Amino acid sequence: MRLSFLNRTVLVTGGGGGLGKAYALEFAKRGANVVINDLGGNLDGSSATGNLSETAASNVVKEITSQGGKAVADYHNVATQGDKIVETALKAYGKIDVLVNNAGILRDKTFHKMEQKDWDDVLAVHLNGTFSLCRAVWPHMQASNFGRIINIGSGAGLYGNYGQSSYAAAKMGILGLTLTLSKEGVRNNIKCNCIVPIAGSRMTATVLPPAVLDLLHPSHVAPIVAALAHESSTSTGKIFEVGGGWYSEVRISRTRGVGLGGGAGAASAEDILQNMDKIGDFSHSCWPEGPGDALKDMMAAAADAQSSPSPAQAQAQAHVQAPILTPAEVTPPPQAASLFSSLTSYITSSPQNTAAFKALIKSYIVHFVVAHDADPQSKATWALYGGGSNSVPSITLLPSSAASAMPSASSPSQAPACTIHVSDTTIARLASRSLSTEMAFMRGLLKVEGSMGVALKMKEVLALAGSAK
Ligand code: NAI
């Protein structure tokens with residue numbers, strides 16, 4: 001199926017030459033109303049403060065309209081005039097559907113020669129310009145429940161490049177903006193992606209040999225910009241590195257990390273140096289999707305640190321712990337066993353008590369996975385079931401095979417609404433209220449998977465259990 005942009009308005013900044021022109025021609029060829037913004041400045045942006053040339057944008061408009069396409073020119077400065085540029089689009093076509101933030105300048109200098117003005121101008125065009133345009137189109141895209149924004153990054157930003165500190169900083173700023181807008185745009189079908197191109201243009205003319213430039217024609221980048229801008233594209237928050245007919249996706253990866261200290265006791269600088277290999281071990285890397293992903297791992301590490309015995313304790317325990325229990329043979333952690341036994345007696349002792357428990361858990365299933373203090377790998381799982389309005393509530397110690405099994409799609413009713421991971425001492429302290437759930441969570445002593453709302457109710461359930469003991 002040919003991707004059509006009929007009745008779509010596409011705005012390309014810096015569309016008067018290089019890559020921007022290639023994008024504009026591609027959209028025009030596919031039936032779009034194209035707004036070509038360009039102030040016709042020099043590569044270093046020097047003309048941006050005067051001596052503007054309208055020919056860059058006008059020539060591309062002429063090229064498109066002479067072939068039957070639809071295009072208008074705009075000569076404003078992206079750095080500060082995003083609203084004016086969007087106004088041009090609205091006046092000409094009544095709406096804005098796609099924004100390609102392509103305008104850019106270069107002021108390459110090694111860092112020790114970097115002047116404040118160079119830094120500011122590069123950030124103004126790239127980063128402020130991208131902001132200015134995104135900000136101006138955003139309410140229109142929200143109102144129409146549709147939008148496609150393609151921002152332009154650079155390998156210099158992703159990987160760093162000699163002599164390009166200002167440019168690299170601006171481009172990484174654009175990436176952060178893109179990833180955030182991709183999240184904020186979800187509810188209005190606004191998709192926002194970042195292209196990291198390589199192409200022959202005046203920007204690369206002095207750094208790449210002509211034979212290579214010939215192979216890197218901007219027309220190789222335009223197709224992915226059009227694909228991402230199309231209404232059928234579902235991609236958002238993605239980074240594509242492309243050029244010369246080669247298309248790849250880039251993700252920010254991180255190692256699994258290693259817990260050193262955590263909780264109350266911090267690691268020393270010496271611990272960090274000694275563990276640099278483990279910290280930087282990418283053999284099982286992952287690709288976080290938000291800052292919360294790291295927080296989860298931090299909490300897990302802190303919880304492990306809290307419930308792990310010190311080396312001296314571990315040595316002492318080694319003598320008394322043998323034989324190590326396999327999961328099938330795990331005896332339940334004693335404090336939790338006593339707590340849940342008391343709770344069971346409590347809820348079965350009177351209709352009022354049953355009702356109190358049901359009111360808290362409703363028809364949910366909640367799993368408590370409780371680890372032995374001395375051997376955190378040995379865990380037992382209790383399933384608490386509220387019973388809803390028709391069934392009897394229950395508290396069951398699950399066999400280890402059932403506890404470790406993933407809930408199957410065919411029996412969703414068996415799936416817990418949330419799973420709470422704690423140590424034996426922690427659950428006892430929560431029940432006796434010598435430790436608050438908030439503090440336990442902050443200190444990584446309590447981890448929650450699934451619904452936080454249901455997990456919060458467990459505070460009261462544990463208080464019931466504590467008072468029943
Ligand atoms: P180019 O210099 O040929 O095109 C940039 C266009 O932006 C020019 O027509 C210029 O007049 C316009 N422009 C500059 N400042 C402006 C402002 N304040 N307001 C409105 N228009 C303005 O450069 P090229 O290579 O086509 O680059 C396009 C984009 O791609 C830039 O963002 C650049 O950083 C990025 N890029 C290019 C790479 C390449 O290999 N050519 C590599 C990585 C990124």
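Being a predicted model, the structure only gives us computed values, none of them experimental. As the structure lists them, so they are numbered: ligands from 1, and atoms in each ligand from 1. All residue numbers refer to positions in the sequence shown, counting from 1.
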Looking only at non-hydrogen atoms, the one of Asn102, Val78, Asp38 nearest atom 28 (C) of ligand 1 is Asn102
Note: Asn77, heavy atoms under 4.0 Å from ligand 1, region reported as both
Within the 4.0 Å heavy-atom cut-off, what His76 brings close to ligand 1 is backbone
Worksheet item: Can a non-hydrogen atom of Ile198 be found less than 4.0 Å from any atom of ligand 1?
Response: yes
| query | If you count the non-hydrogen atoms of other residues, nucleotides and ligands that lie under 6.0 Å from CZ in Phe282, is the total more than 12? | reply | yes
Tell me whether Arg254 at atom CZ has more than 12 heavy atoms from other residues, nucleotides or ligands lying less than 6.0 Å away. yes
More than 12 heavy atoms of other residues, nucleotides or ligands under 6.0 Å from CD of Glu289: is that the case?
no
In ligand 1, the atoms that come under 4.0 Å of a heavy atom of His126 are 32 (O), 34 (O)
Do the non-hydrogen side-chain atoms of Leu462 and Ile427 ever get within less than 4.5 Å of each other?
yes
Subject >> Ile152 N/O under 3.5 Å from ligand 1 N/O >> reply: no
Near Asn37 (heavy-atom distance under 4.0 Å), the atoms of ligand 1 are 20 (C), 21 (N)
Ligand 1 atoms nearer than 4.0 angstrom to some heavy atom of Pro197 are 36 (N), 38 (C), 42 (C), 43 (C), 44 (C)
What do you reckon, is CZ of Phe146 surrounded by more than 12 foreign heavy atoms closer than 6.0 Å? yes
Of Gly45, Ala79, Ala103, Gly17, the residue with the heavy atom nearest atom 13 (N) of ligand 1 is Ala103
Among Glu241, Lys171, Arg202, closest by heavy atom to atom 8 (C) of ligand 1 is Arg202
Per-atom filter on ligand 1: closer than 4.0 angstrom to a heavy atom of Gly41 are 11 (O)
So for Thr204 against ligand 1, with non-hydrogen atoms under 4.0 Å, the contacting part is side chain
A student comparing Tyr23, Tyr167, Tyr75 should find that the heavy atom closest to atom 36 (N) of ligand 1 comes from Tyr167
With respect to Leu19, determine whether any N or O atom, backbone or side chain, lies less than 3.5 Å from an N or O atom of ligand 1.
yes
Contacts of Phe240 meeting ring pair (Phe, Tyr, Trp, His ring centres under 6.0 Å) (sequence neighbours excluded), chain-then-number -> none
Checking heavy-atom distances from atom 39 (C) of ligand 1 to each of Ala199, Gly14, Gly153, Gly40, the winner is Ala199
Honestly, for Ile105 the part within reach of ligand 1 (heavy atoms, under 4.0 Å) is side chain
ask   = Have Glu449 and His421 got a donor and an acceptor in their side chains that come within less than 3.5 Å?
value = yes
Counting from 1 in the order shown, the ligand 1 atoms closer than 4.0 Å to a non-hydrogen atom of Val125 are 15 (N), 18 (N)
Counting only heavy atoms not in Lys457, do more than 12 fall under 6.0 Å of its NZ?
-> no
Of Gly104, Ala156, Ala56, Gly20, the one whose closest heavy atom lies nearest atom 14 (C) of ligand 1 is Gly104
Check your understanding: Does a sphere of radius 6.0 Å around CZ in Phe111 hold more than 12 heavy atoms from other residues, nucleotides or ligands, not counting ones at 6.0 Å or beyond?
Key -> no
Check your understanding: Taking C-beta and beyond as the side chain, do Tyr75 and Ser53 meet within less than 4.5 Å on heavy atoms?
Key -> no
Is it the case that atom CG in Asp83 sees more than 12 heavy atoms from other parts of the structure closer than 6.0 Å? yes
For this session: Assess whether atom NZ of Lys70 is packed by more than 12 heavy atoms of other residues, nucleotides or ligands within 6.0 Å.
Result: yes
So the atoms of ligand 1 within less than 4.0 Å of a heavy atom of Gly18 turn out to be 3 (O), 26 (O)
With heavy atoms and a 4.0 Å threshold, my read on which part of Leu106 contacts ligand 1 is neither
